[in-house]
Amino acid sequence: MTAAALPAPRQRGGALSGLSSFLHGRPGLLLALLLAPPLVWLGIIYLGSLFTLLAHSFFGLDEFSGVMVREVTLDTWKEFFGNASNGDVVLRSALMAAAVTAADALIAFPLAYFMVRFAGIRTRGLLYLAVMLPLWSSYLVRVYAWKLILAKEGIVSWFAQQLHLGWLLEAVLEIPVVGGPSLSTSYIGTFIVFSYIWLPFMILPIVAALERVPGSVIEASGDLGADAGQTFRKVILPLAFPGVVAGSIFTFSLTLGDYIIPSIIGKSTPFLGETVFRLQGTAGNIPMAAAFTVVPVVVMGVYLMVAKRLGAFDAL
Amino acid sequence: MPSDRHGPRAGWGLKAATAGGVLFLHLPLLIIVLYAFSIEERSFAFPIPGFTTQWFGVAWEREDVRRALWLSVKVGAISMLVALVLGTLAAAAVWRSRFFGREAISLLLILPIALPGIITGISLRSAIGLLDIPFSTWTLVIGHATFCIVVVYNNVLARFRRTSRALIEASMDLGADGFQTLRHVILPSIATALLAGGMLAFALSFDEVIVTTFTAGQQATLPIWMLSELIRPRQRPVTNVVAVFVICVTFIPIIAAFWLTRDAQDTAGALK
């Protein structure tokens, strides 16, 4: 931009320019004007709704009509803690979220490590794109793809038969608890699809963390006599760990709240998200749905605090 | 890795793990594309018995698919515009000054995508119910724009951070007022970041299903239409074709966003 391309400013002197110099003298006011719209939107619409929902958990249902009564009561919470199956739902969801997080970390780390340390500029760009495409797009389509893959007559079964490994698939499906009639109706299926869908959310933060490991530190480690394995374990891994934690925020939280994946692929025993969905929808029990919602909010609140301590926010 | 210090070369294990990861991410999408051309109508049988392109025509003729598509495009476009304005304002504020609670802003912006969608969805739903707002395109936009803001914010803020403040000072010193500086200096330098952020926001909105189920009422966006087909299949081949279409519509803006910011240090679509 050259100065000549600008219209001579003093000739304008209109209302806009007056407003401009007025604002220029008052940076605080300009800041307020910039911040107000996004803050009003997120503060009022988003946080407002969030608190409205949480407040609903202190309302109860009328025992006879089943209609929500807008009076403060602890009945919903008593019922929530009084029913052991609620604990099962929370525990089942948390275990699944933990398993998915661990699996994603294992798959993501080598990929991220290769991207940052070994890939050339071109390969790296392509890998980046390969991770980003599924991150931002086609959530439902990708779940649907797994329905095709895991269905009883689907691709996995076909390959198992072609390779004469049908017995292996049977054996896997016969494992108690996690097995089932077919992969698409077992916890194994739910686990695979969850891991698949949230994988990009784990890769990118690890890439960001690895990028921040200075080359000089790795060289220093070598110069001080560490072999490659030691350097990896004692230098690179600890420095990249905040990235894993940052990724786990997403994988854990998203698994905890998703209701679509387990309702399409998996058993009929509900996860947290499905329970909330059913309570607010068909059951019409908004207070109990709200109580269930508090669980992931609290879990994620604690999780975010710990993650911040571990420096994960820098890798987010 | 044995050779990662001198002239980095990856071991076979690492290469295999990387290739495996990429295949894991992309094979399922290829399979969807494959099934869209299948002549088999009733089951997910593999291998598919034959190829046809007739389902593309059938899907295009379907009135319900077209209606859902139009709603998705409309909601995506409006949400993108809202997110562009709000995200850019927030990025500008965070970039130009330090103020109390600056860190909290980033957290507040990322919350709608870091908390499970069902929480955002059900919260908005209960607020909409409380205020007796009828479901419409606008209730959808409210939900979508909320989680799209962060995408624009991240892209624009990253670009701002690489824009020299000296450029803006120079513009002011040369006599331009604030609005001229905005128009001739600031906007041109963040233009591609805006475009990239906007396109990612559109892709995100076009594809969203969880928050949408809660704010849609009786309306069906394309993902909602697909979800109902997944739960109660009517014509599977049409679902397959729509799935391929969704892949294309969301992939194109993402690739474009990536391409637009490819020279920059910051890459569109990174979580930060």
Side-chain angles (χ1 to χ4, degrees), chain A residues 1 3 6 9 16-17 20 23-24 31 34-35 37-38 41-42 45-46 49-50 52-53 56 107 110-111 114 117-118 128-130 132-134 136-142 144-146 148 151 153-155 158 204-205 222 228 249 253-254 256-257 259 264 273 276 280 286 293 296 300 316, chain B residues 1-2 4-5 8 10 14 17-18 21-22 25 28 31-32 35 43-46 86 89-90 92-93 97 108 112 114 116 118-119 122-124 126-127 130 142 146 174-180 184-185 200 203-204 207 209 223 226-227 230 243 246-247 250-251 254 258 267 269-272:
Chain A
M1 182 60 48
L6 291 171
L16 269 186
S17 147
S20 163
L23 284 176
H24 191 68
L31 180 66
L34 287 175
L35 268 181
W41 185 285
L42 283 167
I45 297 182
Y46 183 67
S49 323
L50 206 56
T52 312
L53 175 69
H56 273 88
I107 305 172
L111 212 166
F114 178 84
R117 298 269 293 138
F118 300 106
Y128 217 107
L129 197 58
M132 247 167 46
L133 282 172
W136 295 113
S137 78
S138 328
Y139 162 83
L140 205 54
V141 174
R142 293 186 299 134
Y144 177 53
W146 280 96
L148 301 179
E153 73 276 18
I155 293 165
W158 185 80
L204 289 182
I249 294 172
S253 150
L254 293 169
L256 214 52
Y259 71 93
I264 292 177
V276 173
Q280 71 85 37
I286 297 279
T293 316
M300 288 320 295
L316 215 58
Chain B
M1 299 309 115
D4 67 5
R5 278 193 304 126
L14 189 60
T18 306
V22 173
L25 281 174
I31 285 160
I32 284 280
Y35 271 89
S43 77
F44 299 135
F46 186 86
L86 298 180
L89 288 175
S97 34
L108 179 62
I118 192 166
I119 296 181
I122 194 175
S123 302
L124 288 171
S126 61
L130 204 64
I142 287 173
T146 302
L174 289 169
D177 66 28
F179 289 98
Q180 286 171 324
H184 295 286
V185 178
L200 280 175
L204 198 59
D207 185 51
V209 62
M226 268 201 73
L227 183 62
L230 288 192
V246 170
I247 294 176
T250 51
F251 270 31
I254 296 168
F258 180 79
T267 314
L271 289 168
K272 179 172 186 170

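In this text the structure is predicted, and so the values were computed from the model without any measurement. Here is the naming used below: chain letters follow the sequence lines, and residue numbers restart at 1 for every chain.
Shown here for B/V22 and A/A130, the closest heavy-atom pair between the two residues is CG1-CB, 4.4 Å. The shortest non-hydrogen separation linking A/P296 to B/P116 is CB-CG, 4.5 Å. Of all the heavy atoms in A/P110 and B/T18, the pair that sits closest is O-OG1, 3.9 Å. Between A/I249 and A/M300, the shortest heavy-atom distance links the atoms O-CE, 3.5 Å.
In this structure, chain B has heavy atoms under 4.5 Å from both the backbone and the side chain of A/I45. Both the backbone and the side chain of A/L50 come within less than 4.5 Å of a heavy atom in chain B.
Interface summary for chain B: among A/V276, A/I107, A/L35, A/I264, the most heavy-atom pairs under 4.5 angstrom belong to A/L35. Chosen from B/I247, B/T146, B/V209, B/L204, the residue pairing most often with chain A at heavy-atom distances under 4.5 Å is B/T146. The greatest number of non-hydrogen atom pairs below 4.5 Å with chain B, out of A/L140, A/L129, A/L133, is found for A/L133. Ranked by heavy-atom pairs shorter than 4.5 Å toward chain A, the options B/L227, B/L230, B/V246 are led by B/L230. Chain B forms the most heavy-atom pairs under 4.5 Å with one residue out of A/L53, A/T52, A/T293, and that residue is A/L53. With chain A as partner, the option from B/G21, B/A93, B/A17 having the largest number of non-hydrogen pairs under 4.5 angstrom is B/A93. Here A/Y46 is the residue among A/F114, A/Y259, A/Y46, A/Y139 with the most heavy-atom pairs under 4.5 Å with chain B.
In this structure, A/W146 CH2 and A/I155 CD1 are separated by 9.5 Å, a value rounded to the nearest 0.5 Å. With rounding to the nearest 0.5 angstrom, the CE atom of A/M132 is 12.5 Å from the CG atom of B/L25.
With contacts defined as side-chain heavy-atom distances shorter than 4.5 Å, the pair B/P112/A/L42 qualifies.
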